[in-house]
Amino acid sequence: MFGGVLMVIAFSAFIIIHEAGHYWAARATGMKATEFFLGFGPRLWSFRRGETEYGVKALPLGGYVRIAGMSLTEEVDPADLGRTYRDKPFWKKSVVVLSGVVLNFFTAFFLLFGLFWYSGVLKWTTEVDWVSPEISGVPTPAAEAGLVEGDVLEAIDGVVLTDWEEAVEVIMSRPGQTVTLTYIRDGLPNSVPVTLGSYHPRTGEGVGFLGVSPTVRRVSVGPITAAGQAIASEWAIVTGVLEAFSRIISPESLLELGGVLVGEEEVSQDIRPVSPIGLVRIGTQASELGLGNLVFILAVVNVTLGLFNSLPLYPLDGGHFAVALYEKVTGRPLSHRTLVPIAAMVLLFMLFLGVVAIVLDIVNPLTI
């Protein structure tokens, strides 16, 4: 339950951080911000400080900062001329609309950085964790050589193995070859000739294998290594989320998701959207597996928020940037008549995904 509560608090905080990016950027570039709200719909609570109203609304599905002159239909008070979004140059508009996304990515980085610096990183060692006895009825090279759990691979034909990745590279490059394998057992060095297997998942040949799996250990790292690991992990999350986006918008996926609205209770996990209900469940399960898992999922949530808002679809942040870029390049504004249908389609699509996600999270709860 703790993880679920923390997920709700964190998700709300991420929305506030995102909107705070827009707010601070607007103030820094001389624009007037009139509202800063968490949620949409009826106003539950608010207060005014200076020229901005801050508060909470009934539907906790996001948040917004209202900037003078950003809406195409807004009538601007003459007193605000020079302080509106539409009055500012392209670079200032870009800073304002993209600042929230940037803060989401920075938040994900700092979560991952803190996680790796505090708890360390996983390292695949050359210590044997498990020996496969056979593949397709044939004893593996490791089994024939008499390797057992706890043996530490030291070298192959004199090539010293510094880590598991190097061991895999050397083994895979020598399919069918007989090599001298040096390993440590009970503190003592041993050498044994081993004929490596030759296998490929599709052709059945061509890639060397030994038949062991490595021991994974968590090792402490310094801040520089932690920062590098955080960048690499965030990039992996970005590519994974983008792949998920591309799968969701395919016609086959949309038909599958649409089936949920007519009684289908299951969809492929790789295209399943998640509602706040699902996030609470994920947070609860992740915290039971360890706080590190929860922190990692929070980083994924931040990256997902940032990438979704980056999509060049009006009225998302990326859509506002696309409009500003179009106006900069062409020298003429996009008409209200052009943007309203686009905005309507985007909002309907978001509503569709939201309803599907809520239905799935109620009738077929997620399990991680």
Side-chain angles (χ1 to χ4, degrees), residues 14-16 18-23 25-26 29 31-43 53 57-77 80 84-90 92-104 241-242 244-246 248-251 253-254 257-258 261 273 275-276 304-358:
F14 298 154
I15 293 172
I16 292 172
H18 178 97
E19 298 304 331
H22 295 313
Y23 175 78
T29 54
M31 299 183 196
K32 181 179 180 179
T34 58
E35 294 183 8
F36 188 144
F37 274 85
L38 176 65
F40 301 99
R43 182 183 284 99
E53 182 182 11
K57 294 193 173 184
L59 300 177
L61 302 177
Y64 72 93
V65 171
R66 189 180 301 280
I67 299 171
M70 198 166 189
S71 172
L72 296 176
T73 59
E74 178 183 356
E75 293 187 9
V76 175
D77 187 330
D80 294 332
T84 70
Y85 176 83
R86 65 185 66 159
D87 290 331
K88 300 300 181 179
F90 169 72
K92 290 188 176 182
K93 292 178 180 178
S94 301
V95 168
V96 169
V97 297
L98 297 179
S99 55
V101 169
V102 170
L103 280 188
N104 279 136
V241 172
L242 288 176
F245 284 172
S246 66
I248 287 175
I249 62 175
S250 71
S253 296
L254 294 177
L257 292 171
L261 303 181
S275 74
T304 303
L305 284 172
L307 287 176
F308 182 75
N309 278 286
S310 299
L311 296 176
L313 302 171
Y314 190 84
L316 300 177
D317 296 340
H320 280 288
F321 174 76
V323 170
L325 180 61
Y326 172 86
E327 294 178 345
K328 173 67 175 178
V329 172
T330 64
R332 61 178 184 272
L334 269 175
S335 69
H336 173 72
R337 185 174 300 175
T338 300
L339 290 176
V340 166
I342 297 174
M345 291 176 61
V346 171
L347 294 174
L348 282 174
F349 181 69
M350 291 170 59
L351 178 63
F352 165 72
L353 289 182
V355 172
V356 169
I358 291 172

Give, for atom [atom1] of [X] and atom [atom2] of [Y], the distance between the pair rounded to the nearest 0.5 Å.
| X | Y | atom1 | atom2 | value |
| --- | --- | --- | --- | --- |
| L347 | I342 | CG | CD1 | 12.0 Å |
| L305 | N309 | CG | CG | 7.0 Å |
| F245 | T304 | CZ | OG1 | 6.0 Å |
| T34 | D77 | OG1 | CG | 11.5 Å |
| L98 | D317 | CG | CG | 7.0 Å |

Is there a donor-acceptor pair under 3.5 Å between the side chain of [X] and the backbone N or O of [Y]?
| X | Y | result |
| --- | --- | --- |
| H18 | G100 | yes |
| S253 | I249 | no |
| S99 | H22 | yes |

Measuring only between side-chain heavy atoms, which start at C-beta, is [X] closer than 4.5 Å to [Y]?
| X | Y | answer |
| --- | --- | --- |
| V346 | P315 | yes |
| L325 | V329 | yes |
| F352 | L261 | yes |

Determine, stepwise, if the pair L316 / M350 fulfils side chain to side chain contact (heavy atoms under 4.5 Å, CB included).
CA-CA 11 Å; L316 300 177; M350 291 170 59; 4.1 Å; yes
Which pair of non-hydrogen atoms, one from [X] and one from [Y], has the smallest distance, and what is that distance?
| X | Y | answer |
| --- | --- | --- |
| A26 | I67 | CB-CD1, 3.8 Å |
| P273 | L353 | CG-O, 3.9 Å |
| S275 | I358 | CB-CG1, 3.7 Å |
| F321 | S94 | CE1-OG, 3.4 Å |
| L254 | I248 | CD2-O, 3.4 Å |
| T338 | L334 | CG2-CD2, 4.1 Å |

What I want to find out is whether R66 reaches E53 closely enough, with some N-O distance under 4.0 Å, to be called a salt bridge.
no
Evaluate the side chain to side chain contact (heavy atoms under 4.5 Å, CB included) criterion for residues V323 and L339: first the C-alpha distance (whole Å), next the side-chain angles of each, then the deciding distance (0.1 Å), finally the verdict.
CA-CA 9 Å; V323 170; L339 290 176; 3.8 Å; yes
Given K88 and V96, is the side chain to side chain contact (heavy atoms under 4.5 Å, CB included) satisfied, shown in steps?
CA-CA 10 Å; K88 300 300 181 179; V96 169; over 6 Å; no
Would you list the pairs meeting side chain to side chain donor-acceptor pair (under 3.5 Å) in which at least one residue belongs to residues 318-330, sequence neighbours left out?
Y326-R332
Ring-face cation of K93 near Y85 (centre distance under 6.0 Å, axis angle within 45°):
yes
Ring-face cation contact, F37 with K57, 6.0 Å cut, 45° max
yes
Check the side chains of E35 and Y64 for a donor-acceptor pair under 3.5 angstrom, ignoring hydrogens and angles.
yes
Partner residues of T84 under the side chain to side chain contact (heavy atoms under 4.5 Å, CB included) criterion, sequence neighbours left out
A68, V76, D80, R86, D87
